[in-house]
Every structure is written in structure tokens, then in C-alpha cells.
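Working notes, beginning with the structure itself.
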Amino acid sequence: VTAPSSRLVGEGITDLITLSTLSAAEVTETRMVLELGIVPLVCARATEEDIAALYETCDRSAAALQGDEYPLSLSAEWHARYARAAHNRAVAMLLESLHDPLIMSLERAREAAPLHGRRGVDEHRALVDAIAQHDVQRATELMRTHLERTAQRIATAEVQGQRDRS
């Protein structure tokens, strides 16, 4: 008997998450636990290549904003790359398994704030700056602010959605 590969396990987790009915708030809470929890790992382990890749995503995001368009997939890409910078395959697998639910939650946040993402692009860059400086405290503060705003926007969208259904 052999153990399943990490790829198969990841696909199984992804299938379970995709088939379940996760709320945007649940996805964001999970992101807060995971993404805040790995800040020290990312600050300690991120390589020059990781930092360059994160900045490159920031550059593409800024360019998209100048074209007055910001696909939420760029935010999901940044967060997946951030998780990979922890150099812990289990963490990266878990966050990557949230790709589609993450985009769904960002779409929900955008319902409450149509320009959702603009401030996030600047925060992503500031986070990379803090990571490059190995500044765990600053990176934690930035990530907490970043994710809490998303959570607040999702809560607002939920309230608006309940009003619309009433």
C-alpha cells in the first residue's frame, strides 16, 4: 500500500472545498488564520526569487489598474505566491486549494466596494517591502489590515444582500 501523492491529496482537498458551500466570510477567516500565521515563515524564508516574483505580480497589478481594470485573479495569484514563499509545501497546497473560493470571496467584497483591489495592490507592494526587510511586525500589521478590510467589505455585502432579499 502506498500513500497518495501530495498532488492527489491537494486535488482531493480542492474538490472538497469546491463542492462545498463555503461562504465568503468563511474563506476570509481561513485566509486570516493561514496568511497571518505564515508571516514569520515568509519573512524568514523568502528568497530573492520569491521577492522578485511577488514584485512582478505587483507590477502587473499596477499596470492593470492603469488600464482601469483589475482582475481579481491577480490578487489570488499574489496570495498563492506569498504562500509559496513560506517554503512549506503543505501551506502552499492549502492556500492554493482556496483559489476559486478566494476569488469568489473577493468578488463578494467587490459588491460592497466596486473599487475593491486598488488599495490592495499598494498593500501587496508594501508587504513585499516588509518581507524583503524581514520585518515580521510590519508585514503582520499590513496583512492584518489587508485581510480585515476584505472581511469588512464581505460583511457589508452580506448585509446588503439580506436587504435586497427582504
Side-chain angles (χ1 to χ4, degrees), residues 5-7 9-11 13-14 17 22 24-67 69-110 112-113 115-156:
S5 70
S6 61
R7 183 186 58 77
V9 171
E11 287 174 6
I13 291 171
T14 299
I17 290 171
L22 294 175
E26 290 171 317
V27 172
T28 303
E29 285 176 356
T30 301
R31 290 180 59 208
M32 291 177 89
V33 169
L34 287 173
E35 294 189 57
L36 281 170
I38 66 172
V39 168
L41 294 176
V42 174
C43 286
R45 298 177 179 172
T47 65
E48 302 247 340
E49 180 183 320
D50 295 322
I51 291 166
L54 287 165
Y55 277 132
E56 191 272 332
T57 303
C58 291
D59 292 344
R60 286 189 291 120
S61 297
L65 283 175
Q66 288 195 352
E69 185 177 316
Y70 180 64
L72 296 174
S73 60
L74 280 171
S75 182
E77 178 184 329
W78 188 93
H79 286 273
R81 190 63 182 93
Y82 162 79
R84 286 196 304 277
H87 292 273
N88 177 312
R89 292 178 302 170
V91 166
M93 179 182 66
L94 284 171
L95 199 61
E96 286 176 18
S97 71
L98 289 173
H99 180 271
D100 291 346
L102 186 147
I103 290 177
M104 173 272 301
S105 70
L106 295 175
E107 288 170 348
R108 190 74 171 145
R110 193 175 263 180
L115 298 178
H116 179 79
R118 292 186 177 276
R119 183 184 279 170
V121 170
D122 292 335
E123 288 171 343
H124 286 170
R125 187 171 299 281
L127 273 157
V128 182
D129 292 343
I131 292 164
Q133 296 167 6
H134 309 288
D135 188 341
V136 174
Q137 184 175 347
R138 179 75 177 135
T140 300
E141 177 184 307
L142 288 163
M143 185 62 82
R144 181 174 287 112
T145 299
H146 183 66
L147 294 173
E148 284 178 350
R149 186 178 42 267
T150 298
Q152 290 168 351
R153 288 177 174 168
I154 287 169
T156 299

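Each residue takes its place number in the sequence, starting with 1. Every value quoted in this text rests on a predicted model; they were computed, and no experiment measured them.
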### Message
Please check: side-chain N/O of Thr28 versus main-chain N/O of Ala25, any donor-acceptor pairing under 3.5 Å?
### Response
no
### Summary
Value for CD (Glu77) from CD1 (Ile103), rounded to nearest 0.5 Å, stands at 10.0 Å
### Task
Specify the closest pair of heavy atoms between His124 and Ser75, including all atoms of both residues, with the distance to one decimal.
CE1-OG, 3.6 Å
### Message
List the residues meeting side-chain hydrogen bond (donor to acceptor under 3.5 Å, both in side chains) with Arg84, not counting sequence neighbours, and say none if there are none.
### Response
Glu96
### Message
Any side-chain to backbone donor/acceptor pair from His134 onto Cys43? Under 3.5 Å, distance only.
### Response
yes
### Message
With rounding to the nearest 0.5 angstrom, report the CG to NE2 distance, Asp50 to His87.
### Response
3.5 Å
### Message
Less than 4.5 Å apart, side chain to side chain, heavy atoms only: is that true for Leu106 and Thr150?
### Response
yes
## Note on the structure
Closest non-hydrogen contact found for Leu72 with Arg110 is CD2-NH2, 3.4 Å
### Task
Anything under 30° is parallel, anything over 60° is perpendicular, the rest tilted; go ahead and classify Tyr82 against His79.
perpendicular
## Note on the structure
Here the pair of heavy atoms bringing Pro40 nearest to Gly37 is CD-O, 3.6 Å
### Query
Hey, mind stepping through Thr30 and Leu98 against side-chain contact (heavy atoms from CB on, under 4.5 Å) and telling me if it holds?
CA-CA 9 Å; Thr30 301; Leu98 289 173; 3.8 Å; yes
### Task
Working to the nearest 0.5 Å, report the span between CG of Leu142 and CG of Asp129.
9.0 Å
### Query
How would you list, by chain and number, every residue that makes a side-chain hydrogen bond (donor to acceptor under 3.5 Å, both in side chains) with Glu56, sequence neighbours excluded?
Arg60
### Message
On a heavy-atom basis, which atom in Arg144 and which in Leu36 lie closest, and how many Å separate them?
### Response
N-CD2, 3.6 Å
### Query
What's the shortest heavy-atom distance between Val121 and Cys58, and which atoms?
CG1-O, 4.2 Å
#### Entry: Shortest non-hydrogen contact between Gly120 and His146, atoms and distance
CA-CE1, 3.6 Å
### From Arg125 atom CZ to Leu127 atom CG, the distance as rounded to the nearest 0.5 Å
11.5 Å
### Query
Atom CG of Leu65 and atom CG of Leu74: how far apart are they, to the nearest 0.5 Å?
9.0 Å
### Message
Using salt bridge (charged side-chain N to carboxylate O under 4.0 Å, His left out), reason through Arg138 and Glu141 one step at a time and then give a plain yes or no.
### Response
CA-CA 5 Å; Arg138 179 75 177 135; Glu141 177 184 307; 2.8 Å; yes
### Message
Nearest 0.5 Å, please: how far is OG1 in Thr156 from CZ in Arg108?
### Response
10.5 Å
